[in-house]
2 protein chains.
Amino acid sequence: MPRAGLDPAAVVAAGAALADEVGLAHLTMGSLAERLGVRTPSLYKHVSGQDDLNRRIAALALSEAADAVGGAVQGYAGREALAAAARAFRAFVLEHPGRYAATIGVEPSGPDDPLATASRRLLAAFVAVLRGYEIAEPDVDHALRMLRSLCHGFATLQAADGFQWSADIDQSFEWLITFADRGLRVMSGAGAV
Amino acid sequence: MPRAGLDPAAVVAAGAALADEVGLAHLTMGSLAERLGVRTPSLYKHVSGQDDLNRRIAALALSEAADAVGGAVQGYAGREALAAAARAFRAFVLEHPGRYAATIGVEPSGPDDPLATASRRLLAAFVAVLRGYEIAEPDVDHALRMLRSLCHGFATLQAADGFQWSADIDQSFEWLITFADRGLRVMSGAGAV
DNA sequence: GCTTCTAGCTAAAGCGATTAGCTACAGCGT
DNA sequence: ACGCTGTAGCTAATCGCTTTAGCTAGAAGC
């Protein structure tokens with residue numbers, strides 16, 4: 001038996017890729033092992049089980065998403081930054097539906113969990129977008145949650161084929177960006193709540 | 001063996017309730033059978049399998065959500081209607097996270113599928129909300145998708161405990177309603193995209 | 001070249017979904 | 001009241017996937 005030369009990172013990367021291809025629900029230890037040219041139990045030398053694998057895929061996904069969004073925002077402000085961030089986020093989720101799905105419902109075990117770090121990085125990228133609007137300090141958290149809900153909701157609904165009816169989806173997304181831009185500008189004037 | 005007197009509706013209702021309690025992922029045929037005082041294989045006399053059960057729970061959830069949102073909107077218009085719909089929707093998802101989770105990723109098999117009917121009813125409730133704003137006809141679809149993304153995103157993120165940081169979540173949701181109201185009003189003026 | 005560490009293997013246990021086939025309760029007609 | 005019939009629920013068994021136990025041999029250091 002020739003050594004396959006695996007390590008945790010390689011297993012997680014392959015798992016994420018496979019999840020993107022077949023859907024997270026169809027990612028089994030067996031199929032992943034086969035993909036890696038190895039027998040199923042061998043995977044347990046690198047990840048401690050399906051749960052651990054899922055958490056690591058989630059951390060990878062959030063980290064990549066943070067890179068994508070953070071990079072897209074560079075050099076822009078205001079509406080441009082918002083549009084770039086939203087488009088980058090959606091593109092990431094649509095290209096990597098499996099690994100993004102792994103992030104839903106996982107909770108960091110502590111502040112040092114790679115999951116928590118990656119999550120903070122992604123949030124930071126959205127905070128940067130909000131700096132382009134005159135949001136009152138106490139409202140920044142609310143705006144951040146709104147932005148995240150909007151992006152998460154749209155991307156996951158589309159990834160799950162939740163939009164059955166007719167109108168063009170890209171167009172809807174551009175409309176949504178305009179909506180968010182104008183809404184944020186209006187909210188910056190008067191105190192909300 | 002005394003008859004338990006089950007039927008598909010009772011099995012689905014119990015499944016939905018159990019999913020709300022323990023989470024959709026932990027809803028097993030075994031635990032559901034135990035809850036109903038019956039052996040596992042007996043369930044297959046009422047639903048054709050886990051897939052079928054999931055679809056039926058999803059249809060039930062969408063139908064109930066449509067009732068809740070539709071009822072809440074009655075007699076209101078504009079901001080009041082929007083707030084009522086959003087609050088009703090969020091309350092439903094938070095009270096019934098398991099059954100709502102069942103709706104994610106299921107696709108109606110055809111236009112007569114109870115799933116499709118329930119889905120249309122829920123959408124209709126949101127369309128009613130939008131009638132209170134002067135949205136140009138071609139933009140109604142976009143606004144509907146936006147509204148759905150916003151509600152779905154916020155509710156599922158909260159249900160999954162996705163909001164780790166500090167600010168008060170109810171307050172964030174009220175802020176979000178105000179944001180959506182103002183955004184919809186602004187969008188009604190100028191043509192978007 | 002020898003020792004040591006460990007990636008990967010085979011074997012096996014265990015759990016959940018599902019199917020096959022039996023049994024007996026309930027509702028019906030007589 | 002009595003038997004007939006349809007079917008809800010049962011036991012037994014299969015199958016697939018996860019996970020553990022224990023072995024083996026390739027690679028790295030001396």
Side-chain angles (χ1 to χ4, degrees), chain A residues 1-60 98-99 101-107 109, chain B residues 1-60 98-99 101-107 109:
Chain A
M1 45 183 130
R3 290 290 173 104
L6 295 181
D7 58 26
V11 171
V12 171
L18 190 52
D20 288 341
E21 287 173 36
V22 303
L24 184 64
H26 293 95
L27 172 64
T28 72
M29 298 300 269
S31 59
L32 178 54
E34 187 179 21
R35 165 74 57 105
L36 289 166
V38 140
R39 299 304 182 125
T40 306
S42 305
L43 297 181
Y44 289 79
K45 296 288 180 181
H46 306 292
V47 296
S48 70
Q50 213 168 217
D51 238 53
D52 181 39
L53 176 63
N54 197 293
R55 295 179 66 80
R56 290 181 194 234
I57 290 176
L60 175 66
R99 70 189 69 187
T103 67
I104 298 170
V106 287
E107 274 199 85
S109 55
Chain B
M1 44 181 131
R3 291 290 174 103
L6 295 181
D7 58 26
V11 171
V12 171
L18 190 52
D20 288 340
E21 287 172 37
V22 304
L24 184 64
H26 293 95
L27 172 64
T28 72
M29 297 301 267
S31 58
L32 178 54
E34 188 179 19
R35 165 73 57 106
L36 289 166
V38 142
R39 300 300 183 134
T40 306
S42 304
L43 297 180
Y44 290 79
K45 296 288 180 180
H46 306 291
V47 297
S48 71
Q50 211 167 220
D51 239 52
D52 182 39
L53 177 63
N54 196 295
R55 295 179 65 81
R56 289 180 194 235
I57 290 176
L60 175 66
R99 70 189 70 188
T103 67
I104 299 171
V106 287
E107 274 199 86
S109 55

Inset, instruction - Would you indicate which nucleotide in D:dG22, D:dC17, D:dG9 comes nearest to any side-chain atom of A:K45? - result: D:dG22
Inset, instruction - Would you indicate which nucleotide in D:dT19, D:dT11, D:dA8 comes nearest to any side-chain atom of A:P41? - result: D:dT19
Inset, instruction - Rounded to the nearest angstrom, tell me the gap between atom CD in A:E34 and atom P in D:dC17. - result: 11 Å
Legend entry - Check: A:G98 main-chain N/O paired with A:D20 side-chain donor or acceptor under 3.5 Å: yes
Inset, instruction - Take the protein atom OH of A:Y44 and the nucleotide atom C1' of D:dA21, then report the distance between them rounded to whole Å. - result: 14 Å
Inset, instruction - Find the distance B:N54:CG to C:dT18:P and express it as a whole number of Å. - result: 11 Å
Inset, instruction - Could you please name the option among D:dT11, D:dG9, D:dT18 that lies closest to any side-chain atom of B:L6? - result: D:dG9
Legend entry - Atom-pair distance (CG on A:L43; P on C:dG8), nearest Å: 9 Å
Legend entry - Shortest side-chain distance from B:S42, nucleotide among D:dT19, C:dT10, D:dC10: D:dC10
Legend entry - Heavy-atom pair of closest approach, residues A:Q50 and A:T28: OE1-CA, 4.5 Å
Legend entry - Whole-Å distance separating the CG atom of B:D51 from the P atom of C:dG16: 18 Å
Legend entry - Atom of B:L60, atom of B:A13 and distance for their closest heavy-atom approach: CD2-CA, 4.4 Å
Legend entry - Atom-pair distance (CG on B:L32; C1' on D:dG9), nearest Å: 15 Å
Inset, instruction - Check every atom of D:dT18, C:dG8, D:dG9 against the side chain of A:M29 and return the nucleotide holding the closest atom. - result: D:dT18
Inset, instruction - Measure the distance from CG on B:D7 to C1' on D:dG9 and round it to the nearest whole Å. - result: 14 Å
Inset, instruction - Return the value, rounded to whole Å, for the distance between atom NE2 of B:H46 and atom C1' of D:dA8. - result: 6 Å
Inset, instruction - Taking the side chain as every heavy atom from C-beta outward, state whether A:M29 and A:L53 have any pair of such atoms under 4.5 Å apart. - result: yes
